[in-house]
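As structure tokens, the structure follows; a few thoughts come after it.
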Amino acid sequence: MDIIHLLPDSVANQIAAGEVIQRPASCLKELVENSLDAGASRIQVIVRDAGRTLLQVIDNGSGMSETDARMAFERHATSKITQAQDLFSLRTMGFRGEALASICAVAQVEMQTRRAEDEVGNLLEIHGSNVVRSESCSCPVGTNIKVSNLFFNVPVRRKFLKTDQTELRNLLTEFYHIVLVYPKVGFTFVHNDEIILELPAQSEKQRIETIFGNPTRNSYTSGLVEIKTETELVNIHGFVVKPESVTRKAEQYFFVNGRYMRHPYFLKAVQTAYTGMLANDYQPSFFIYFDINPEAIDVNIHPTKTEIKFADEQTIFQILMASVREALGKFTLVPQIDFDTQGSIDIPLPSSQPAHLPQVSIDPNYNPFHSRSNSAFTTRPTSQSWEQLYNQPEPLIPAEKSYAGDKPLLTPDEDISGLLGQYGGKYILLSTEDGLLMINQHRAHVAILYAQMLSMQACAQGVMQQLLFPEVIELQPDEMVLIENMLSDLRAIGFDLEQLSPNSYSIQGVPSQLATKSPIPVLQQVLSKVRERGADTQTEWRKEIALSLAETAAIPNGHSLTEEEMRDIVQKLFKLDSYSRTPDGKVIASCITNDEISKRF
Ligand code: ADP
Ligand code: MG
């Protein structure tokens with residue numbers, strides 16, 4: 001008996017949907033791209049419950065004929081290519097003809113569509129690939145497509161969806177990727193009846209300003225310089241941040257032929273162009289658009305993949321780097337650069353200082369050691385916690401050894417007799433039976449504060465310091481979503497935050513540990529770290545908030561310590577459950593053993 005058979009379309013489409021439509025954001029991308037391909041100049045996106053219940057896209061594009069409207073939902077039905085050859089001259093976003101078929105296999109879809117030349121439009125309703133209604137209707141020219149109850153028939157996929165806030169962030173990220181390429185198209189994004197973004201037809205620069213700028217601050221785009229290079233191989237244009245305008249939060253966007261792409265290799269080219277201009281962990285923001293013959297890139301891009309292969313990547317790398325350097329050379333403090341020697345230019349800088357210092361100011365008078373003691377930290381460590389010290393992983397620097405003696409080096413609360421002092425403004429040195437123990441003061445303090453923050457979150461016992469003059473922090477839509485998520489934890493630590501408007505919060509109080517810092521940069525930094533590290537669950541948020549606040553509040557390296565302060569740090573450090581590494585895995589303490597020392601002589 002033959003056993004091979006064709007899967008019914010509905011089943012095949014569900015499988016394909018898994019590839020194309022992974023979450024509401026991918027559904028939104030497909031719908032908006034279709035509207036753009038249909039030549040729309042105005043596109044409205046209406047979302048409910050982060051796309052779970054409703055994703056609606058209304059455009060004023062070409063619309064479809066009655067037959068096309070039915071055909072559009074068939075698999076591999078497309079108006080965009082007719083032969084394989086067309087793939088090499090592709091200028092539309094879609095071409096596989098899979099999106100609508102995949103969407104209607106996993107949702108309830110209602111579409112109204114009308115072409116300018118038709119008197120009446122067509123209404124089509126499809127539930128899980130089955131047409132349940134098909135009739136004429138009166139509707140404006142264009143297409144209005146409503147996707148309800150996404151994954152209603154695929155419980156597994158539904159379960160994989162993250163919180164509404166996360167899915168909404170994904171939707172907005174996907175939306176940014178598209179709207180940044182089509183500034184001439186007007187867009188609106190509505191979520192649960194609230195207008196989140198209203199983008200009129202505008203220039204590229206204005207679009208960037210509307211999305212990332214903030215009317216109450218200096219214009220965002222005044223911190224950018226334009227880049228423009230035209231070569232036979234590729235045209236590059238766009239904007240890169242001036243080194244002095246770099247902020248904690250980097251926006252990094254590459255687009256090729258109207259499509260967003262990730263490109264780690266080209267990212268390297270941009271970063272290299274900034275060599276020596278940015279502080280250590282700062283990243284440049286950029287919006288860079290490549291225009292290239294479609295034959296020179298791999299067009300058979302999977303709809304969900306954003307990494308794109310170029311034919312001549314090394315050359316483009318050089319062109320891109322030179323282009324960014326040229327722009328920076330023209331507009332910033334970098335003196336004359338010889339552009340004919342691309343690839344090996346060493347950019348002279350006035351000093352080794354970063355052009356832009358971190359936003360978080362450090363108050364030299366701040367004394368973290370006189371903060372009130374916290375009951376959670378007066379418990380004695382268990383024997384298990386000492387074991388952790390012995391079993392700590394190998395340190396990063398092989399010449400040193402992690403402390404691994406037979407006995408604990410100190411008993412907590414005991415007078416720390418081995419304290420030798422501070423070295424290099426950075427390390428606390430202790431003489432122990434086994435050797436010379438070095439403790440990084442900043443990291444030690446991060447670990448101490450982190451533990452304090454976590455326990456304060458857990459019991460909501462943060463001590464708040466009221467601000468004399470409340471400050472207002474303006475946020476972008478995706479940050480508003482993020483901060484909403486983190487509100488209860490931020491409040492538990494001692495932040496007093498009140499939403500002022502759809503895009504701002506007033507800060508009325510801050511945790512006492514942070515009382516000497518400017519609240520806006522602190523909060524901005526927390527948001528950007530949480531966003532960068534991609535926390536999704538409440539527990540992850542808590543940890544990220546605690547860690548970023550601890551990093552911000554901890555005594556910096558380079559700060560000289562009194563003997564009393566050093567004792568305090570060492571004692572508090574050794575009372576922690578885990579003190580060999582910071583919460584993000586950096587080595588706190590390292591020991592040069594007696595053996596190693598005697599070998600040197
Ligand atoms: P693809 O975009 O890869 O062609 P889709 O499944 O996304 O495949 O769409 C199938 C076809 O339906 C498109 O080729 C296009 O002809 C038509 N279509 C889809 N959405 C729209 C729209 N908003 N306006 C006009 N035509 C559309
Ligand atoms: Mg499409």
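Whatever order the structure lists them in is the order used to number ligands and atoms, beginning at 1. All residue numbers in this chain count up from 1 along the given sequence. Given the structure is predicted, the values throughout are model-derived calculations rather than measurements.
If you check each of Met64, Glu33, Met111 against atom 18 (N) of ligand 1, the one with the closest non-hydrogen atom is Met64. Between the choices Asn34, Val32, Ile145, the shortest heavy-atom distance to atom 20 (N) of ligand 1 belongs to Asn34.
At a heavy-atom cutoff of 4.0 Å, ligand 1 is contacted by the side chain of Thr143 but not by its backbone. Within the 4.0 Å heavy-atom criterion, the part of Ala38 lying near ligand 1 is the side chain and not the backbone. At a heavy-atom distance under 4.0 Å, only side-chain atoms of Asp59, from C-beta outward, approach ligand 1.
Contact annotation: the side chain of Phe160 never approaches that of Phe151 to less than 4.5 Å [non-hydrogen atoms, C-beta and beyond]. Tyr265 is listed as a side-chain neighbour of Phe317, based on a closest heavy-atom distance under 4.5 Å.
Taking distance alone, with nitrogen or oxygen atoms compared against 3.5 Å, Ala99 approaches ligand 1 more closely than that limit. Polar contact with ligand 1: absent for Ser62 (N/O pair, distance under 3.5 Å).
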(Q) With salt bridge (Lys or Arg N to Asp or Glu O under 4.0 Å) as the criterion, how do Arg52 and Asp164 come out once you've worked through the C-alpha distance, each side chain's angles and the decisive distance to 0.1 Å? (A) CA-CA 8 Å; Arg52 261 174 242 273; Asp164 272 12; 2.6 Å; yes
Q) Is there a side-chain hydrogen bond (donor to acceptor under 3.5 Å, both in side chains) between Glu230 and His237 once you walk through the steps? A) CA-CA 8 Å; Glu230 295 188 355; His237 79 277; over 6 Å; no
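The ring-ring contact (aromatic ring centres under 6.0 Å, His included) with Tyr176 is formed by just one residue from the set Phe287, Phe212, Tyr260, Tyr253; it is Phe212.
Shortest non-hydrogen contact noted between Leu180 and Tyr289 is O-OH, 2.7 Å.
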